[in-house]
A.B. asks: 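Mind looking over this structure? Questions follow.
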Amino acid sequence: MEIIGIVKKLFDIQKFDSGFQKREIVLTTEEPYSQNILIEFIQDKVDLLENIKPKDKIKIFINIRGREWKNPEGIIRYFNSIQGWKIEHYSGKTSNKMTSASPPLSSDDFDDLPF
């Protein structure tokens with residue numbers, strides 16, 4: 001999947017004691033009812049945001065992830081996240097590749113999540 005939009009906000013890199021790291025970006029879609037979409041980049045994919053600036057128009061290739069969590073009271077909750085794995089500058093008809101293609105994330109990439 002992919003999302004095209006304008007960079008609204010870039011957050012700082014978050015590093016955890018486990019060695020896990022992530023960085024989040026907010027992308028505003030360009031449609032009649034635009035959406036502000038939070039996308040996270042984890043581990044070595046954090047580097048893909050190095051040359052991205054607010055107001056850049058980009059295409060982000062994504063995976064949608066979901067997980068189940070049981071709280072201490074035994075109530076089950078479900079959470080979703082959108083994770084980016086490739087970015088391209090977007091010009092409309094053609095795109096200028098900014099990064100080399102990375103393979104989609106596998107379930108092995110999530111063994112060290114801190115939660």
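Everything numeric here is computed off the predicted structure, so don't read it as measured data.
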A.B. asks: Measuring from atom CD1 of Ile6 to atom CG of Leu27, what distance do you get when rounded to the nearest 0.5 angstrom?
C.D. replies: 7.5 Å
A.B. asks: Dump the intermediate steps for side chain to side chain contact (heavy atoms under 4.5 Å, CB included) on Trp85 and Ile42, then the final yes or no.
C.D. replies: CA-CA 9 Å; Trp85 57 272; Ile42 63 169; over 6 Å; no
A.B. asks: Is a salt bridge present between Glu24 and Lys22, judged by a nitrogen-to-oxygen distance below 4.0 Å?
C.D. replies: yes
A.B. asks: Find the distance between CD (Glu40) and OG (Ser81) and round it off to the nearest 0.5 Å.
C.D. replies: 4.5 Å
A.B. asks: Within the structure provided, determine whether His89 and Asp56 are in side-chain contact (heavy-atom separation under 4.5 Å).
C.D. replies: yes
A.B. asks: Which distance, rounded to the nearest 0.5 Å, do you find between the CD of Gln43 and the CZ of Phe20?
C.D. replies: 5.5 Å
A.B. asks: Report the distance from atom CD1 of Ile4 to atom CD of Glu88, rounding to the nearest 0.5 Å.
C.D. replies: 9.0 Å
A.B. asks: Quick one: do Ile64 and Tyr78 end up in the same hydrophobic cluster if we chain Ile, Leu, Val, Met, Phe, Trp and Tyr together by side-chain heavy atoms under 4.5 Å apart?
C.D. replies: no
A.B. asks: Give a yes or no answer on whether the side chain of Thr28 reaches the backbone of Asn36 with a donor-acceptor pair at less than 3.5 Å.
C.D. replies: no
A.B. asks: Please identify each residue that fulfils side-chain contact (heavy atoms from CB on, under 4.5 Å) with Asn71, with sequence neighbours left out.
C.D. replies: Trp69, Glu73, Ile75
A.B. asks: What residues form a side-chain hydrogen bond (donor to acceptor under 3.5 Å, both in side chains) with Asp47, not counting sequence neighbours?
C.D. replies: none
A.B. asks: Does Leu10 have any side-chain contact (heavy atoms from CB on, under 4.5 Å) partners at least two apart in sequence or in another chain, and if so, which?
C.D. replies: Val7, Arg23, Ile25, Leu49, Ile52, Pro54
A.B. asks: Return the CD1 to CD1 distance between Ile62 and Ile3, rounded to the nearest 0.5 Å.
C.D. replies: 3.5 Å
A.B. asks: With sequence neighbours excluded, what pairs up with Ser34 under the side-chain hydrogen bond (donor to acceptor under 3.5 Å, both in side chains) test?
C.D. replies: none
A.B. asks: Who passes side-chain contact (heavy atoms from CB on, under 4.5 Å) against Glu2, sequence neighbours left out?
C.D. replies: Lys59, Phe61
A.B. asks: Salt bridge (Lys or Arg N to Asp or Glu O under 4.0 Å) with Lys57: which residues, sequence neighbours excluded?
C.D. replies: Glu30
A.B. asks: Treating Ile, Leu, Val, Met, Phe, Trp and Tyr as nodes and any side-chain heavy-atom pair under 4.5 angstrom as an edge, say whether Val26 and Ile37 lie in one connected cluster.
C.D. replies: no
A.B. asks: Could you state the interatomic distance from CD1 (Ile58) to CG (Asn51), rounded to the nearest 0.5 Å?
C.D. replies: 11.5 Å
